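Only one structure is covered here, and it is reproduced in the block below.
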Protein chains: 2
Amino acid sequence: MNKYRNIGLKLTPQRLAILGYLEGNKEHPSAEEIFRAVSEKYPTMSFATVYNTLAALSKKGNILELTIDPDKRRYDPNTENHNHLICISCKKIVDICLDYKVVVPESLGYDFEITGNHIEFYGICPACKQQKAV
Amino acid sequence: MNKYRNIGLKLTPQRLAILGYLEGNKEHPSAEEIFRAVSEKYPTMSFATVYNTLAALSKKGNILELTIDPDKRRYDPNTENHNHLICISCKKIVDICLDYKVVVPESLGYDFEITGNHIEFYGICPACKQQKAV
DNA sequence: GTACGTGCAAAGGTTTTGCATTACA
DNA sequence: TGTAATGCAAAACCTTTGCACGTAC
């Protein structure tokens with residue numbers, strides 16, 4: 001947790017609880033799931049604090065906001081370059097930690113200053129596949 | 001428009017208006033933009049009809065629902081395999097019509113049945129770049 | 001001590017729903 | 001004619017905001 005000491009944010013107990021819940025978390029939880037988990041230890045926790053903290057961490061580059069789930073934002077503590085695979089049925093998300101080296105050719109003439117990219121894979125997870133087969 | 005005759009949906013004037021507005025549209029409009037545009041000819045048009053139609057068309061595979069903009073869903077009449085570049089400042093979206101041939105290696109062991117993928121590029125468009133330079 | 005964070009509740013924006021009416025096929 | 005779509009309003013849902021109070025630094 002000490003690594004967060006110099007990110008320019010006040011380390012309140014609430015924030016440490018959120019950081020602790022996210023650290024190493026591979027579930028790509030939503031704000032609501034984070035709220036529920038952290039509320040157990042901090043019953044006074046509010047959504048405003050969760051969103052405030054997530055926005056601050058995201059702005060500082062300490063976590064990622066994923067838009068891969070159309071229903072709600074998901075959060076990812078892994079800020080390394082990586083991609084995702086989502087089950088279109090149950091919305092489970094798994095990491096695809098590969099660097100695909102995709103680029104936008106300048107020949108397309110868009111003249112954008114490219115700042116990043118993200119590959120979303122869609123599919124059906126084993127559990128949902130089995131359910132459908134029944 | 002005749003190409004929509006056999007998609008298994010009733011072709012009401014409202015739906016034809018939505019299809020007409022989307023056809024060839026490269027703006028990746030939101031439901032609200034579609035509603036505003038189509039309302040000019042059909043003042044009684046309701047949001048329910050817009051969403052209903054977009055969901056039906058999306059389900060039939062005639063349009064794509066994009067989740068690249070965190071603020072709202074965007075719709076794309078181009079159902080060919082292609083990717084997108086979004087300006088993180090003004091949310092303008094442009095097409096990247098290239099096939100990148102990215103795949104999820106089976107060696108990762110996820111056992112998902114992959115149904116598709118989508119690459120999102122992030123950047124700053126020329127107009128926003130210039131504004132920031134001021 | 002002060003700037004920043006918290007918590008509550010209310011508001012905002014997008015999308016969905018229920019239901020009576022209408023119209024395509 | 002019968003099934004499906006429309007339109008309206010209300011509701012549901014996720015996220016943001018205003019503001020008084022509290023706390024990390």
Side-chain angles (χ1 to χ4, degrees), chain A residues 1-21 28-60 62-75 91 93, chain B residues 1-21 28-60 62-75 91 93:
Chain A
M1 281 301 117
N2 282 344
K3 63 179 168 182
Y4 298 116
R5 200 162 277 164
N6 294 311
I7 60 178
L9 298 173
K10 288 191 179 173
L11 292 184
T12 65
Q14 293 89 336
R15 287 187 170 176
L16 288 170
I18 292 172
L19 285 165
Y21 176 71
H28 311 86
S30 64
E32 207 258 333
E33 285 162 334
I34 296 167
F35 171 77
R36 270 214 312 274
V38 179
S39 293
E40 289 178 14
K41 285 196 178 170
Y42 291 87
T44 65
M45 173 75 57
S46 78
F47 264 100
T49 297
V50 172
Y51 277 109
N52 170 17
T53 296
L54 293 172
L57 288 171
S58 169
K59 200 171 175 184
K60 295 278 182 184
N62 292 90
I63 62 171
L64 293 179
E65 278 189 7
L66 304 182
T67 60
I68 189 173
D69 182 345
D71 295 337
K72 53 195 157 211
R73 253 166 253 187
R74 307 277 211 106
Y75 296 87
K91 305 299 174 70
I93 298 176
Chain B
M1 282 300 116
N2 282 344
K3 64 179 167 182
Y4 297 116
R5 198 159 279 165
N6 295 311
I7 60 178
L9 298 173
K10 288 191 180 175
L11 293 182
T12 65
Q14 293 89 336
R15 288 187 166 174
L16 288 170
I18 292 171
L19 285 165
Y21 175 71
H28 311 87
S30 65
E32 206 258 334
E33 284 162 335
I34 295 167
F35 171 77
R36 269 215 313 275
V38 179
S39 292
E40 290 178 13
K41 284 195 179 169
Y42 291 87
T44 65
M45 173 75 58
S46 78
F47 264 100
T49 297
V50 172
Y51 278 107
N52 169 18
T53 297
L54 292 172
L57 288 171
S58 169
K59 199 172 176 184
K60 295 279 181 181
N62 291 91
I63 62 171
L64 293 179
E65 278 190 6
L66 304 182
T67 59
I68 188 173
D69 181 345
D71 294 338
K72 54 194 157 209
R73 252 166 254 186
R74 306 278 211 105
Y75 296 88
K91 306 300 174 68
I93 297 175

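FYI, side chains are in, hydrogens and waters are out, and symmetry mates aren't considered; it's all heavy atoms of this structure. What you see is a predicted model; the values in this text were computed from it and never measured. Chain letters run A, B, ... following the sequence lines, proteins first, then strands; residues in each count from 1.
For A:S46, counting side-chain heavy atoms from C-beta on, the closest listed nucleotide (D:dC14, C:dT16, C:dC8) is C:dC8. Each of D:dC25, D:dT15, C:dA9 was ranked by its minimum atom distance to the side chain of A:A48; first place goes to C:dA9. Closest contact between the side chain of B:T12 and the listed nucleotides C:dT15, C:dG7, D:dT6 involves D:dT6. Of the candidates D:dA24, D:dA5, C:dT6, D:dA5 carries the atom nearest the B:K10 side chain, counting heavy atoms from C-beta on. Set against C:dG7, C:dT15, D:dT6, the side chain of B:F47 has C:dT15 as its closest nucleotide. Residue A:R15 places its side chain closer to C:dG5 than to any other of C:dG5, C:dT15, D:dT16.
Within the model, atoms CZ of B:R74 and CG of B:D69 stand 4.5 Å from one another, a figure rounded to the nearest 0.5 Å. Atoms CG and OH, on B:L64 and B:Y75 in that order, are 11.5 Å from each other to the nearest 0.5 Å. Separation of atoms CE (B:M45) and CD1 (B:I34) is listed at 10.5 Å; rounding is to 0.5 Å.
A straight line from CG of B:L19 to P of D:dA5 spans 13 Å, rounded to a whole angstrom. We find that CD of A:E32 is positioned 17 Å from C1' of D:dT16, with the value rounded to whole Å. Rounded to whole angstrom, the span from the CG atom of B:L9 across to the C1' atom of D:dT6 amounts to 14 Å. In this structure, B:D71 places its CG atom 16 Å from C1' of D:dC13, rounding to the nearest Å. Computed from coordinates, the B:I7 CD1 to C:dA25 P distance equals 11 Å when rounded to whole Å.
Nearest heavy atom pair, residue A:A55 against residue A:E65, reads CA-OE2, 4.5 Å.
With DNA chain C read from its 5' end, the first of the two nearest nucleotides for A:T49 and B:Q14 is the one closest to A:T49.
Looking at heavy-atom distances under 4.0 Å, A:P13 makes contact with sugar-phosphate atoms alone, never a base. Within 4.0 Å (heavy atoms only), B:P70 reaches no atom of the nucleic acid at all.
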